[in-house]
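Working notes, structure below.
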Amino acid sequence: MNPEKTWLLVPTERHVEAFAGASEPAHTLRKLIRTLALAEAPERAPTTPEMTRLMAAELLRCPIVQAKAFDDAVGKLRRAGTRAASLRAARLPRAERFAELLGRSDARLEELKLRDDREAAWLAAKRLAGNEHDVALEGGRAVIRGLSRWDGSTLCFIEALHAKLRREGGEGVCLELPELGPPPLRVAAHALAGQLETRWGEQNDHPTLALEPSGALEADRVTLVEAGDAASEARVAARAVLDALAAGVALERIAIVPVDLAEAFLEPLRFELSRARIPFVEPRGRPVIAAPRAHAALELVRLARGPIVRDGLIDVLRVPGLAVERWFSEEQIGELCHELAALPLRVERTPGELLTELDARFAAAPDAANEASFAKLRGGLARFLAELAELGASASREQHTARLSALFDGLALLEASPRTLSRALERAE
């Protein structure tokens with residue numbers, strides 16, 4: 001090891017390319033972790049995300065789509081260093097179930113001579129805690145740049161790396177955080193530094209923190225806009241894209257980077273981009289709950305719980321191929337959604353308020369020719385809302401499950417008709 005050499009660690013290969021030709025060659029932190037984990041457990045092959053999902057589906061005896069949520073939860077537990085014994089000590093039913101799943105997963109991995117790749121950082125930290133000489137470590141000082149979120153395993157690895165470099169006469173690890181210009185961003189960076197300082201405050205020798213000025217996020221290059229809610233934020237993002245396109249920026253040079261991949265923000269963003277007719281692609285792919293029918297099923301549960309949110313009701317009614325013949329005809333759906341969208345009321349706080357607003361809208365511009373049509377629309381909506389209210393009535397879990405299953409079956413929500421699939425294929429082409 002050369003104590004005078006500095007080693008730059010970055011999040012992705014894109015960052016490595018950005019530092020190509022610099023005096024300090026860059027490497028990805030993930031690659032270093034994988035190299036050390038392989039050296040610690042060479043007899044076990046690392047898993048892939050597909051492998052762990054398949055294993056979870058096998059252990060739980062459920063479809064892969066349902067197993068994904070459990071597999072993600074197991075991944076978070078492994079990254080946090082949680083063991084089955086710790087979960088059982090909590091003496092909670094949910095913890096007991098996850099403890100059983102973790103234990104069975106460990107046994108299955110042992111049988112297949114595999115290791116969960118989400119535990120790689122713990123294995124790498126264990127390797128660094130030993131006395132083995134690792135050729136992967138090329139310098140006496142490591143600078144970690146560009147990372148802004150760490151789980152328990154990554155922080156443990158960083159601390160083990162610092163201790164290893166210090167034992168061998170190096171300076172250890174330095175975490176570089178950006179010193180941002182705009183006040184809200186600067187506050188966020190300082191808060192992150194404060195969390196790390198709290199963790200390392202009682203240690204005599206710990207990684208150092210450095211705030212480096214960021215030219216890419218200076219105040220003259222960044223505009224901050226405060227939005228009241230997710231929908232407003234989505235409209236601001238769509239407006240920014242339209243302004244950039246009007247200024248001559250190529251579409252493929254525009255990226256929207258959400259801070260959180262929660263559907264509560266992504267769904268309004270997709271809607272606003274589609275309404276503005278802006279083509280977009282999600283590199284990560286849309287999660288299962290973003291599918292129209294899955295989204296509608298969850299929205300129905302929220303509507304039954306109350307209050308009735310107008311936009312959520314419209315989202316459900318607009319799902320292609322929904323079997324709503326009990327309440328409306330296919331031609332009436334578009335008209336009803338149009339009338340509901342024009343109402344000033346967004347949330348029904350008291351039962352019947354939405355119908356009252358609909359009556360007031362028709363009374364303001366009565367049309368004898370459309371009176372019969374309106375009466376059918378209103379009657380169908382009243383029956384639909386009454387069934388939702390029945391779903392929200394107090395009952396046991398088994399009764400709620402039976403009621404929801406009956407409604408989903410009645411709406412044909414869990415199956416797609418050939419006509420709907422044909423329309424989807426035509427639209428895709």
Side-chain angles (χ1 to χ4, degrees), residues 1-36 79-81 120-122 124-125 127-129 134 136-224 257 259-260:
M1 177 182 290
N2 182 0
E4 298 181 356
K5 186 173 182 180
T6 298
W7 200 23
L8 183 60
L9 298 174
V10 293
T12 67
E13 291 294 340
R14 287 288 184 91
H15 294 83
V16 173
E17 294 171 5
F19 287 102
S23 57
E24 301 174 353
H27 307 268
T28 63
L29 182 64
R30 183 174 181 80
K31 184 177 180 181
L32 172 62
I33 288 175
R34 284 185 166 179
T35 301
L36 293 172
R79 291 188 183 97
W122 294 109
R127 175 77 178 183
L128 292 174
D134 289 296
L137 301 178
E138 301 175 355
R141 179 173 182 262
V143 176
I144 300 178
R145 183 179 300 166
L147 288 175
S148 59
R149 183 179 295 179
W150 302 275
D151 53 38
S153 62
T154 307
L155 281 174
C156 182
F157 170 78
I158 291 173
E159 293 163 354
L161 176 60
H162 175 77
K164 174 80 170 179
L165 297 178
R166 294 288 289 162
R167 283 199 307 270
E168 300 190 6
E171 295 184 27
V173 173
C174 175
L175 283 178
E176 286 190 0
L177 299 178
E179 179 67 54
L180 305 172
L185 297 180
R186 186 167 62 248
V187 169
H190 288 186
L192 184 59
Q195 293 174 8
L196 295 174
E197 288 176 351
T198 301
R199 178 184 175 95
W200 295 327
E202 297 182 358
Q203 298 182 17
N204 292 327
D205 189 2
H206 55 77
T208 58
L209 292 173
L211 291 171
E212 294 292 330
S214 173
L217 294 177
E218 289 297 331
D220 58 343
R221 299 189 62 184
V222 175
T223 301
L224 294 179
V257 185
V259 177
D260 189 1

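Since the structure is predicted, the reported quantities are computational estimates derived from the model, not experimental observations.
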Closest heavy-atom contact between [X] and [Y]?
X: Gln203; Y: His206; value: O-CD2, 3.3 Å
X: Ala193; Y: Leu209; value: O-CD1, 3.7 Å
X: Thr154; Y: Ala121; value: N-CB, 4.2 Å
X: Arg79; Y: Trp122; value: O-NE1, 3.2 Å
X: Val10; Y: Ala26; value: CG2-CB, 4.2 Å

Might you work through the side chain to side chain contact (heavy atoms under 4.5 Å, CB included) test for Glu13 and Thr28, ending with a clear yes or no? CA-CA 7 Å; Glu13 291 294 340; Thr28 63; 3.6 Å; yes
Working for side chain to side chain contact (heavy atoms under 4.5 Å, CB included), residues Thr198 and Gln195: CA-CA 5 Å; Thr198 301; Gln195 293 174 8; 5.7 Å; no
Is there side-chain contact between [X] and [Y], with at least one heavy-atom pair below 4.5 Å?
X: Thr208; Y: His162; answer: no
X: Trp7; Y: Leu165; answer: no
X: Val143; Y: Glu176; answer: yes
X: Val173; Y: Leu9; answer: no

Could you tell me the separation between the [atom1] atom of [X] and the [atom2] atom of [Y], rounded to the nearest 0.5 Å?
X: Phe157; Y: Ile144; atom1: CZ; atom2: CD1; result: 7.5 Å
X: Leu175; Y: Trp200; atom1: CG; atom2: CH2; result: 4.5 Å
X: Ile33; Y: Leu161; atom1: CD1; atom2: CG; result: 9.0 Å
X: Lys31; Y: Thr12; atom1: NZ; atom2: OG1; result: 13.0 Å
X: Leu8; Y: Arg141; atom1: CG; atom2: CZ; result: 9.5 Å

